[in-house]
Amino acid sequence: MPLEIQQIPALRDNYVYLLREPNSGAVGAVDPSVAAPVLAALSSRGWNLTHVINTHHHPDHTGGNLDLKAATKAIIVGPLADKGRIPGIDVAVGDGDTFKFGDEAATVFDVPGHTRGHIAYWFKDSQALFSGDTLFLMGCGRLFEGTPQQMWTSLSKLKNLPPATRVYCGHEYTQANARFALTVEPKNADLVARAKRVDAARAAGKSTVPGTMADELATNPFLRADVPDLQRAMGAPGDAVATFAAIRKAKDNF
Ligand code: ZN
Ligand code: FE
C-alpha cells in the first residue's frame with residue numbers, strides 16, 4: 001500500500017511532509033523546520049510520529065528535530081556525510097543505502113551541491129522522491145557548499161528515476177522558477193503550458209507540489225543542461241556542466 005502523504009506548509013515557503021506507512025503505522029516527518037504545525041497535524045490525524053527524516057542540515061529543514069524528538073521519541077534519520085550538523089541524529093544514511101520505513105523502504109542518494117551532505121530519499125513503491133533543496137519544481141538549490149560539477153552529477157542521479165516519480169521538494173518556489181525558466185527556454189511549449197498551470201494554481205492559493213519527474217525533464221532547465229539546443233543557447237555546446245553552471249549563474253542574478 002502506498003504511503004499516505006500530507007503536506008504541511010511551514011515558515012514562509014517551506015513544506016514539511018508527514019508520511020504514514022499504513023501496514024505498520026510508521027509515521028515520518030520530512031524536514032520539519034518547526035515542531036508546532038507538525039504536532040498539530042499529528043494530533044488532528046491521531047498519528048504517532050516514529051521518524052524524523054532530514055535531507056540536509058539547514059535550520060529551515062531541521063529546526064523542529066529536537067522538539068519533535070522530545071515530544072514523541074521519534075528516531076531522527078539524516079545524512080551520514082553531515083552527521084555532525086543534524087540535531088539529534090540517531091541513524092545516519094548515505095548513497096545507495098536502503099532506509100526501512102515500516103513495510104516500505106527508501107533508497108538514499110547522496111546529492112551534494114546545495115550543501116555538501118545533502119541526501120534525497122526515493123520511495124520506489126510509492127513512486128515518491130523527497131528532494132529537499134536539491135531539486136525544486138523547475139529549479140534547483142543554490143550552490144552554497146558545492147560546485148556545478150557536483151550538482152549536475154547529483155541532479156543526474158535524480159533525472160534517471162522513473163518519469164512517473166512524484167517530486168516532493170522543500171519549498172514552494174515553483175512560480176518564480178517558472179518565470180526564470182521562461183527566460184532560458186522561451187520557446188519550450190511544455191514549459192509555457194506548465195507556467196500557465198502554475199500561475200492558475202497559485203492564483204487559487206493552491207500548492208504546486210508535488211510535480212512529476214516527467215514534467216521536470218520537459219521543463220526544468222537545470223535538468224536539461226544536456227540538451228544540445230540549450231547548450232548552444234548558453235554558449236557551451238557539448239558541455240553539460242558548463243551549461244548547468246551558466247544557467248545557475250543566470251538564476252543567481254535573476
Ligand atoms: Zn537548504
Ligand atoms: Fe530550505
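Note that ligands are numbered from 1 as they come in the structure, with each ligand's atoms numbered from 1 the same way.
- Contacts classified as salt bridge (charged side-chain N to carboxylate O under 4.0 Å, His left out) and involving residues 235-254 (residues at least two apart or in different chains) are given here: Arg142-Asp252, Arg248-Asp252.
- Within the sub-2.8 Å shell of the Fe ion (ligand 2), the protein contributes these N/O/S atoms: Asp60 OD2, His61 NE2, Asp133 OD2, His171 NE2.
- If you look at Asp133 and ask which of its N, O or S atoms sits nearest the Zn ion (ligand 1), the answer is OD2.
- Residues Thr208 and Gln175 have side chains that never bring a donor and an acceptor to within less than 3.5 angstrom of each other.
- Side chain of Asp110 to backbone of Asp95: a donor-acceptor contact under 3.5 angstrom is found.
- Ring centroid separation for the pair His118 and His57 does not come in under the 6.0 Å cut-off.
- Between His58 and His114, the ring planes lie perpendicular to each other; the angle is over 60°, past the 30° to 60° tilted range.
- Checking His58 against the Zn ion (ligand 1), an N/O/S atom falls under the 2.8 Å cut-off.
- Counting backbone and side-chain atoms alike, His118 contributes no N/O/S atom closer than 2.8 Å to the Zn ion (ligand 1).
- Relative ring orientation between Tyr173 and His171 is described as parallel, the plane-to-plane angle staying below 30° on a 0-90° scale split at 30° and 60°.
- Defined by atom type and a distance below 3.5 Å, a donor-acceptor pair is missing between the side-chain atoms of Arg166 and Thr212.
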